[in-house]
Amino acid sequence: MDQRCCAYSFLKETSRQCDYEVATDELASLIGQAVHCVKHQPELLKLCELVYHANGSIRGKLAIRPEDFRWLDQLYVKLTQENGELKQFVLPTGCAGACALHGLRSRCKAVLRIAYAIDREEKSVPPILLDFWNLLSNVFFQMALKENRLEGVAEIPFVSRSYNVG
């Protein structure tokens, strides 16, 4: 078979699992790119590796282990303690590193939505994987806050006209 045909075989796939794998590959690539503009987050390469482990964890063997999740949870707690309590919504702006991290946070939510859709349709997503994507999104948000704080960039509050948040 022509190698070009094999290279595009994923386009013929109908399962949303392929969409999930493409989205997680994109996220891992964006983390790799973020490493070059994020100055204060040495954990990014480990997060990139975990995202690739999560990539095959629906179609293949679950590769996100409980100890990976515990490590991620501990990172979230540490970042949250360092950043202090946030009392309002903020715009996803700031220094270049924080903006890259906000983009990663948003992509995590997109991956999570795909994983939820697969779980609804096929009942094949391990619960730890859904929790992983949700927590990873929160970690990227806390990383963005830390990046701005350490770069001396103030957060810009956002007040929604759509929701009463008090």
Side-chain angles (χ1 to χ4, degrees), residues 16 19-58 63-119 125-166:
R16 297 209 16 111
D19 298 333
Y20 170 83
E21 291 169 354
V22 170
T24 56
D25 183 50
E26 177 189 28
L27 181 61
S29 298
L30 292 171
I31 294 170
Q33 184 180 29
V35 167
H36 297 286
C37 64
V38 174
K39 297 179 183 175
H40 308 284
Q41 313 295 334
E43 304 87 1
L44 280 176
L45 286 177
K46 181 168 182 171
L47 294 176
C48 187
E49 184 179 333
L50 287 176
V51 166
Y52 263 151
H53 283 307
N55 176 283
S57 287
I58 294 177
I64 296 298
R65 303 168 305 187
E67 57 266 28
D68 297 324
F69 189 83
R70 281 192 299 276
W71 176 84
L72 189 61
D73 187 54
Q74 290 168 354
L75 177 58
Y76 175 74
V77 168
K78 177 181 155 245
L79 289 165
T80 302
Q81 290 171 344
E82 289 175 2
N83 290 330
E85 185 180 353
L86 188 64
K87 297 181 191 251
Q88 76 275 333
F89 287 106
V90 296
L91 292 176
T93 62
C95 64
C99 291
L101 290 161
H102 278 299
L104 295 173
R105 172 193 52 78
S106 179
R107 294 304 310 148
C108 272
K109 288 181 179 183
V111 169
L112 178 61
R113 294 300 306 153
I114 295 169
Y116 271 127
I118 293 168
D119 193 54
V125 180
I128 193 173
L129 201 56
L130 298 172
D131 291 340
F132 170 80
W133 291 116
N134 194 46
L135 182 57
L136 184 57
S137 176
N138 292 338
V139 165
F140 283 134
F141 178 74
Q142 289 296 327
M143 285 181 153
L145 295 179
K146 178 180 177 181
E147 197 72 12
N148 274 339
R149 180 173 49 80
L150 294 178
E151 290 297 303
V153 177
E155 299 296 339
I156 301 172
F158 172 73
V159 178
S160 175
R161 289 186 230 152
S162 300
Y163 303 101
N164 288 332
V165 180

(request) Please lay out, stage by stage, how M143 and L44 fare under the test side-chain contact (heavy atoms from CB on, under 4.5 Å). (result) CA-CA 10 Å; M143 285 181 153; L44 280 176; 4.2 Å; yes

Practice prompt. Take F141 and L101 through the test side-chain contact (heavy atoms from CB on, under 4.5 Å) and record every step on the way to the result.
Written response: CA-CA 7 Å; F141 178 74; L101 290 161; over 6 Å; no

Discussion item. side-chain contact (heavy atoms from CB on, under 4.5 Å) for E155 and R149? Distances and angles first, verdict last.
Written reply: CA-CA 8 Å; E155 299 296 339; R149 180 173 49 80; over 6 Å; no

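Across every non-hydrogen atom of A23 and I114, the tightest pair is CB-CD1, 3.8 Å. Summarising the geometry of A100 relative to A34, their closest heavy-atom pair is CB-CB, 4.1 Å, with the distance given to 0.1 Å. Contact record, A98 with A144: CB-O, 3.6 Å, taken as the closest heavy-atom pair. Nearest approach of I31 to C48, heavy atoms of both residues: CG2-CB, 3.7 Å. The shortest heavy-atom contact between G94 and V153 is CA-CG1, 3.7 Å. Heavy atoms only, all atoms of each residue included: S160 and S162 are closest at OG-N, 2.9 Å.
Looking only at side-chain heavy atoms (C-beta outward), H53 and D68 stay at 4.5 Å or farther from each other. Contact check for Q142 versus N138: no side-chain heavy atoms found under the 4.5 Å cut-off. Looking only at side-chain heavy atoms (C-beta outward), L86 and T80 stay at 4.5 Å or farther from each other.
Judged purely by atom type and a 3.5 angstrom limit, Q88 has no side-chain atom pairing as donor or acceptor with the backbone of F158. Distance alone, capped at 3.5 Å, places no donor-acceptor pair between the S137 side chain and the C108 backbone. A donor-acceptor pair under 3.5 Å is formed between the side chain of N148 and the backbone N or O of C95. The closest donor-acceptor contact from the side chain of E147 to the backbone of V38 lies at 3.5 Å or more, if one exists at all. Between the D119 side chain and the V125 main chain, a donor and an acceptor come within less than 3.5 Å of each other.
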Identify every side-chain donor-acceptor pair in residues 127-136 under 3.5 Å, counting partners at least two apart or on other chains, and give the distances.
residue : atom : partner : partner atom : Å
W133    : NE1  : Y20     : OH           : 3.2

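For R161, there are no side-chain contact (heavy atoms from CB on, under 4.5 Å) partners, not counting sequence neighbours. In this structure D25 satisfies the side-chain contact (heavy atoms from CB on, under 4.5 Å) test together with S29, Y52, N55, sequence neighbours excluded. The side-chain contact (heavy atoms from CB on, under 4.5 Å) search around E67 returns R65, R70, not counting sequence neighbours. Among residues two or more places apart in sequence or in another chain, the side-chain contact (heavy atoms from CB on, under 4.5 Å) test is passed with Q33 by L30. Residues that satisfy the side chain to side chain donor-acceptor pair (under 3.5 Å) test with H40, not counting sequence neighbours, are E151.
Atoms CG and CD, from L79 and Q74 in turn, are 12.0 Å apart once rounded to the nearest 0.5 Å. In this structure, CD in E21 is found 13.0 Å from CZ in R16, a value given to the nearest 0.5 Å. Atom CG of L50 sits about 11.0 Å away from atom CG of L45, to the nearest 0.5 Å.
Sorted by first then second residue, the salt bridge (Lys or Arg N to Asp or Glu O under 4.0 Å) pairs that include residues 41-57, not counting sequence neighbours, are E43-K78. Within the structure, side-chain hydrogen bond (donor to acceptor under 3.5 Å, both in side chains) pairs that include any residue of residues 102-111 comprise E26-R107, H102-R105 (at least two apart or interchain).
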